[in-house]
Amino acid sequence: MAQADSYFWMDGHLARSLQEVSDDPAALEDGNFWAVSLSFEGKALFARYSDLLASEFPEAPWQQLTGGWKSSQSEAEYLSYVSGIREAVAAGSVYQVNACRELSHSIASDLSLAGLFSELVEKNPAPFASYLSVNDLQIASASPERFLSRQGSHLVTSPIKGTIRDSEDVFGEKDRAENLMIVDLMRNDLGRICNPGSVEVDQLFRHEKHPGITHLVSDVSGELQAGVTWAQIFAAVLPPGSVSGAPKSAALSIIEEREGPRGPYCGILGWVHADRAELSVAIRTFWTTGDSILRFGTGAGITWGSDPEGEWEETQLKARRLISIAGGNL
């Protein structure tokens, strides 16, 4: 059943005329254009559109929010979370965990995030900026991170690990060690679905500048085995290693215990069209589910070398610019 106000935008491509919504990855095998949203916990929403246009995002007005944002964890609680992860690292049960918290602000239940996304595109341009509106779900993402690009059988993932202010030039050993751990994790994930010997690290530790910050990024690629389905791809690589941790299973246990569900944040947002795809990690992302609450997630990668106060400040740094665009006090 078509929905007039449902649409998807990413990288100059606007998809309209919703035809179908599914939670079955097998639907993606039909060769049509599908917008893809997968939560961190794996809840899937796939939206098939019939009209795909080259277009700038349709501008809409945004009235800045006022008042304070609430955090799912206070500073003291987050510092305790980080300290607990360091203890787990010292015990040898995990090497790295991405520790996140959720910010929330009340809004009108019928508020469109299209205006907010218009502001994000103008004031915080991002290579994987995406907007999706389907049913009660609205996601406005200024993601800087590629999760998975596909061209035929060729796959590329570009995990981000390491963040410094744009005025800084040098990443510390903690950032480089953390990035290398996640590169190894992503090599392993791709190795489950790619031809033996085809997985390579194309670039290690490159610097990417974004508004207000610089990220440490690496690129890992591989050639997909013949006959592998989208369901098998998602099973092998989700959730993204850069926003979970290593080993992934141990990190996920800690995240589930300390955070609860993340929802669309740290999940996947993008599109699939036959054997082509562009999927981002849904960080720097606002979302709402029609419950009169606007949400935004922020986090930091924690290792033994982490300073709890410094990691709290990293979550503030990542949130500060985008919250200032939405309005309200951090």
Side-chain angles (χ1 to χ4, degrees), residues 1-22 25 27-38 44-62 111-135 137-158 160 208-211 215 217 219 221 224 230 233-234 264 267-288 322 325-326:
M1 181 177 179
Q3 183 178 318
D5 60 351
S6 172
Y7 60 101
F8 170 78
W9 185 93
M10 186 178 190
D11 192 27
H13 295 90
L14 177 65
R16 288 189 178 275
S17 300
L18 179 66
Q19 301 297 306
E20 180 184 355
V21 176
S22 176
L28 305 180
E29 308 292 343
D30 69 358
N32 289 302
F33 181 93
W34 292 82
V36 171
S37 173
L38 284 153
L45 186 153
F46 307 123
R48 178 169 64 87
Y49 294 91
S50 61
D51 295 337
L52 184 62
L53 312 169
S55 172
E56 297 299 315
F57 184 76
E59 290 189 12
W62 177 254
L111 180 67
S112 170
L113 298 192
L116 174 55
F117 187 69
S118 294
E119 294 289 303
L120 294 177
V121 169
E122 178 185 352
K123 299 176 181 176
N124 195 92
F128 300 100
S130 309
Y131 179 81
L132 176 64
S133 174
V134 179
N135 299 331
L137 177 66
Q138 294 183 76
I139 306 175
S141 175
S143 175
E145 184 172 357
R146 170 190 287 114
F147 176 61
L148 198 68
S149 292
R150 179 178 179 180
Q151 289 285 341
S153 64
H154 188 63
L155 303 181
V156 179
T157 184
S158 303
I160 289 176
E208 271 191 6
K209 287 193 173 293
H210 298 275
H215 285 310
V217 187
D219 299 313
S221 67
L224 188 67
W230 277 108
I233 292 172
F234 293 145
I268 303 304
L269 183 63
W271 57 267
V272 166
H273 193 181
D275 64 353
R276 295 181 298 123
E278 194 69 76
L279 303 170
S280 69
V281 181
I283 55 175
R284 316 292 196 275
T285 294
F286 295 91
W287 77 97
T288 182
L322 295 179
I325 293 172

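Counting from 1, the numbers follow the sequence of the chain as shown.
Ring-plane geometry between F234 and W230 is classed as tilted, the angle between the planes lying from 30 to 60 degrees on a 0 to 90 degree scale. F8 and F33 have tilted rings, their planes meeting at an angle from 30° to 60° on a 0 to 90° scale. Aromatic ring orientation, F57 versus Y131: perpendicular (interplanar angle above 60°, classes split at 30° and 60°).
A side-chain donor-acceptor contact under 3.5 Å links S118 to the backbone of A60. The main-chain N or O of L111 is found under 3.5 Å from a side-chain atom of Q138 such that the two form a donor-acceptor pair. At distances below 3.5 Å, at least one donor-acceptor pair connects side-chain atoms of S6 with backbone N or O atoms of S133. Although no hydrogens or angles enter the test, the distance criterion places no donor-acceptor pair under 3.5 Å between the side chain of S280 and the main chain of A282. A donor-acceptor pair under 3.5 Å is formed between the side chain of W62 and the backbone N or O of A326. Although no hydrogens or angles enter the test, the distance criterion places a donor-acceptor pair under 3.5 Å between the side chain of W9 and the main chain of S55. Without hydrogens or angle criteria, H154 side chain to G152 main chain gives no donor-acceptor distance under 3.5 Å. In this structure, the side chain of S141 does not engage the main chain of A129 through any donor-acceptor pair within 3.5 Å.
The nearest pair of heavy atoms linking R150 to D275 is CG-O, 3.3 Å. Here the closest non-hydrogen pair linking E145 and S158 is CG-O, 3.7 Å. Closest approach of S143 and A126 over heavy atoms only: O-CB, 3.4 Å. Here the closest non-hydrogen pair linking L269 and M10 is O-CE, 4.5 Å. Among all heavy-atom pairs drawn from I283 and T285, the shortest one is O-OG1, 2.7 Å.
Side-chain contact between R16 and P58: present, with at least one pair of heavy atoms (C-beta onward) separated by less than 4.5 Å. With contacts defined as side-chain heavy-atom distances shorter than 4.5 Å, the pair I160/P144 qualifies. Considering only heavy atoms from C-beta on, Q19 stays 4.5 Å or farther from N32 through its side chain. Side-chain atoms of L113 and T288, non-hydrogen and from C-beta on, do get closer than 4.5 Å to each other. Using a 4.5 Å heavy-atom cutoff, the side chains of E20 and W34 are in contact. Inter-residue side-chain proximity for D30 and R48 is flagged as met; some heavy-atom pair is nearer than 4.5 Å. Side chains of L224 and I233 form a contact here, defined as non-hydrogen atoms less than 4.5 Å apart. Counting heavy atoms from C-beta on, the side chains of L38 and L279 never come closer than 4.5 Å.
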- Task: Step by step, work out the ring pair (Phe, Tyr, Trp, His ring centres under 6.0 Å) result for F286 and F117.
- Result: CA-CA 9 Å; F286 295 91; F117 187 69; over 10 Å; no
- Task: Would you sort out whether Y49 and V134 count as a side-chain contact (heavy atoms from CB on, under 4.5 Å), showing the intermediate values?
- Result: CA-CA 11 Å; Y49 294 91; V134 179; 3.5 Å; yes
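Shown here is E29, whose CD atom has more than 12 heavy atoms of other residues, nucleotides or ligands within 6.0 Å.
Here L155 contributes atom CG and L148 contributes atom CG; the two are 5.0 Å apart, rounded to the nearest 0.5 Å. How far CG of D219 is from CZ of R146: 6.5 Å, rounded to the nearest 0.5 Å. Atom CG of L45 and atom OG of S37 lie 6.0 Å apart (nearest 0.5 Å).
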